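These notes are about the structure you will find just below.
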Amino acid sequence: MSTHFIELCKLCEQLEKEASRNLKVNIVVDFLRKISSEEVKFAVYFITGKFPSNLLTLNVGYSTIYQIIKKLSNISDNQYLTEYNKTGDMGETAKKIFEIYPPKTQKTFFEQPSTLTEVYEIFQKIAEFTGESSRVKKQRLIESFLSKITPLEVKYFIKNLIGEMRHGFSEGLMEEAVAKAFNVELEKVRLASMVTGDLGKVCEFLKIFGKDGIEKISLTVFQPIKPMLADLAKNPAEALIRHGGKTSFEFKLDGVRIQIHKKNSNVKIFSRRLKEVTEAFPEIVEKIKHEIKADSFVVEGEIIPTTKNGKPLPFQYIMRRYGRVKNLEKTIKNIATTLYLFDLLYLDGEVLIGKPFYERRKKLEEIAPNQMLTPQLITSNPVEAEKFFEEAIKNGHEGLVAKQLESAYTPGIRGKKWLKIKKVLETLDLVILAAEYGHGYRHDWLSDYYLAAKNLEVKPIFEKDYVSFADYVEKIHNDRFKVVGKTFKGLTDEEIKTLTGKLKNLILEKHGRAVILKPKIVVEVAYSEIQKSPLYSCGYALRFARIVRIREDKTIDEIDTTEKVKEIFEKQFKTTTSNFLER
DNA sequence: CGTGGCTGCCC
DNA sequence: ATTCTGC
DNA sequence: GCAGAATGGGCAGCCACG
């Protein structure tokens with residue numbers, strides 16, 4: 001017995017309206033119970049709005065969908081904008097538009113509503129189109145499907161295409177629903193979801209084999225596992241207290257987190273989101289094959305970009321290696337990598353994720369050479385811990401990760417067993433030069449801000465001097481300011497609301513959902529690093545910028561300059577990698 | 001054949 | 001990735 | 001305290017288009 005997609009859409013509408021998490025879970029529990037084992041995994045994907053990333057890659061985003069909506073309904077940009085501004089949601093906007101301007105339907109006979117299986121097959125086909133004119137084929141397929149279904153189905157089909165559900169029911173609550181629907185302990189569902197990376201499959205398994213089926217799901221070599229996440233701590237001393245007085249500190253390295261699976265001579269490398277990236281790192285594969293003394297294992301670690309001497313390079317360099325297929329050999333010569341391992345999840349037939357961290361680390365030390373291990377210090381002394389933190393920074397790393405010695409590997413759960421402690425840089429005082437209306441629940445507020453520093457080196461401006469919106473904003477202000485980043489983080493909803501009121505009085509120009517502002521509002525901005533920017537005209541950008549507070553006491557003459565931004569950028573790498581700047 | 005826009009994924 | 005918010 | 005929503009910079013690949 002198959003389930004109609006429209007039933008699932010109605011369920012999502014209920015979730016959207018319901019605030020209570022418990023009730024949301026109950027609604028989904030009922031749905032999962034009555035659905036067939038063939039379709040239950042599709043329901044899991046469609047409700048959470050996420051397909052396992054190794055299963056389907058659609059290569060369809062906002063832009064494509066926007067074009068499709070426009071084409072099918074034949075509306076203008078302004079009509080779309082007016083409708084979008086009411087909700088800030090693309091799926092809802094399409095639903096409203098199609099109710100008023102229904103697409104010309106191609107159906108000549110009465111069509112049955114689509115089943116979950118049929119809808120999934122559409123997604124599969126979208127993913128499968130590659131190569132020449134694949135974009136057109138994807139687009140045509142979506143167009144023909146959207147013109148056959150109801151506006152409500154359009155809404156959720158589109159939401160699934162972009163993966164933004166906004167109904168407050170994501171993977172965490174789905175795990176609860178699955179546990180409840182099949183009468184299994186939540187922890188067991190979580191574990192199964194983590195070792196398979198596919199909650200839909202777990203659900204299908206439960207449906208077919210009943211509640212005992214879940215015992216059969218366990219870590220398997222070449223089946224990537226969801227990584228354990230860390231919470232934030234302010235400093236090493238706080239981490240010590242939260243871990244009960246004694247803990248393990250490791251350098252926090254700024255690269256890409258990977259897990260490496262090996263069985264006999266076969267090696268695979270997976271990313272944090274379980275994508276296989278083996279091909280990008282042939283030198284790592286060789287190291288793993290020759291330098292680790294075990295036949296089969298799953299290890300976890302970080303690959304960082306380094307000079308040939310092993311000194312860390314900025315994060316941007318690893319991105320030139322990550323996922324690279326073209327010019328691999330040449331890039332390898334220019335950007336070396338260093339692998340640091342920090343965990344062992346499986347070794348020669350034994351699953352270790354339930355074992356305490358200190359035991360896993362000990363076994364890791366037995367099979368891996370010392371220089372391949374993340375530097376570690378186990379201590380109960382806050383002074384020593386602080387020294388270790390300083391040492392990490394001095395060596396060009398991000399800070400420390402504290403790991404509770406007794407803790408099991410609980411992938412996905414952001415608990416307090418692992419704590420990250422990151423270095424803090426001096427803040428910058430910047431002016432808000434432009435802003436954008438937000439999306440979803442923030443659609444009525446100017447919630448995204450362009451941050452700019454004072455520019456002392458003003459050069460003559462030419463008509464054609466800009467390519468991006470940020471450049472245009474600078475031009476409007478005669479280049480007196482330079483944009484160094486954008487942020488939506490740091491302010492509370494109340495502050496955003498109040499600020500929106502103030503900013504509306506400063507509008508110089510409107511551009512779609514963006515506004516250019518008179519330079520007036522000064523904010524103190526924190527960030528984790530200053531990066532080289534190919535996007536902004538001053539050449540620098542803030543990484544992870546967030547507003548600390550609004551500086552009512554400061555005028556725009558008192559904000560920081562691009563010179564200062566440059567100084568901080570250069571200071572960042574002076575101690576470690578002085579020579580990379582010249583390259 | 002080069003380039004720009006879009007997408008996915010890393011942090 | 002970071003931050004805030006409702007449950 | 002957890003789960004979810006909102007959304008940053010920047011990299012490579014890939015396709016569309018001139």
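Each chain gets a letter, A, B and so on, in the order its sequence line appears, and its residues count up from 1. Computed from a prediction, not measured in an experiment: that's the story for all the values here.
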Does NZ or CZ of Arg442(A) come closer than 6.0 Å to the centre of the six-membered ring of Phe488(A), within 45° of the ring's axis?
->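 The answer is no; the distance or angle limit is not met.
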Within 45° cone of Phe222(A) ring axis and under 6.0 Å: Lys268(A) NZ or CZ = yes
Whether [Y] and [X] form a salt bridge (side-chain N of Lys/Arg under 4.0 Å from carboxylate O of Asp/Glu) is what I want to check.
{"X": "Glu143(A)", "Y": "Lys71(A)", "value": "yes"}
{"X": "Arg166(A)", "Y": "Glu16(A)", "value": "no"}
{"X": "Asp444(A)", "Y": "Lys497(A)", "value": "no"}
{"X": "Asp343(A)", "Y": "Lys403(A)", "value": "no"}
{"X": "Glu176(A)", "Y": "Lys180(A)", "value": "no"}
{"X": "Arg543(A)", "Y": "Asp254(A)", "value": "yes"}
{"X": "Glu436(A)", "Y": "Arg513(A)", "value": "no"}

Is the centre of the Tyr45(A) ring less than 6.0 Å from the centre of the Phe123(A) ring?
-> no
[X] vs [N]: side-chain N/O to OP1/OP2 distance below 4.0 Å:
{"X": "Thr57(A)", "N": "dG8(B)", "value": "no"}
{"X": "Arg190(A)", "N": "dA3(D)", "value": "yes"}
{"X": "Gln531(A)", "N": "dG9(D)", "value": "no"}
{"X": "Lys486(A)", "N": "dG8(D)", "value": "yes"}
{"X": "Lys422(A)", "N": "dT2(C)", "value": "yes"}
{"X": "Tyr62(A)", "N": "dT7(B)", "value": "no"}
{"X": "Ser533(A)", "N": "dG10(D)", "value": "yes"}
{"X": "Ser53(A)", "N": "dG8(B)", "value": "no"}
{"X": "Lys420(A)", "N": "dT2(C)", "value": "yes"}
{"X": "Ser447(A)", "N": "dT7(D)", "value": "yes"}

Quick one, give me the B/S/- string for nucleotides 12-18 of chain D, reading 5' to 3', where B means a protein heavy atom under 4.0 Å from the base and S means that only happens at the primed atoms, P, OP1 or OP2.
-> SSBSS--
Under 4.0 angstrom, heavy atoms only, what part of the nucleic acid is Ala545(A) near: base, sugar-phosphate, or nothing?
->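 Since no nucleic acid heavy atom lies under 4.0 Å of Ala545(A), the category is nothing.
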Heavy atom of residues 164-179 of chain A under 4.0 Å from DNA chain D: which residues?
->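 Listed by number, they are Arg166(A), His167(A), Gly168(A), Phe169(A), Ser170(A), Glu171(A), Gly172(A), Leu173(A).
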Separation of [N] [atom2] from [X] [atom1] (nearest whole Å):
{"X": "Lys50(A)", "N": "dC9(B)", "atom1": "NZ", "atom2": "P", "answer": "12 Å"}
{"X": "Leu446(A)", "N": "dA6(D)", "atom1": "CG", "atom2": "C1'", "answer": "15 Å"}
{"X": "Leu428(A)", "N": "dG8(D)", "atom1": "CG", "atom2": "C1'", "answer": "16 Å"}

For Lys252(A) and for Leu491(A), find the nucleotide of DNA chain C with the closest heavy atom, then tell me which residue's nucleotide is more 5'.
-> Lys252(A)
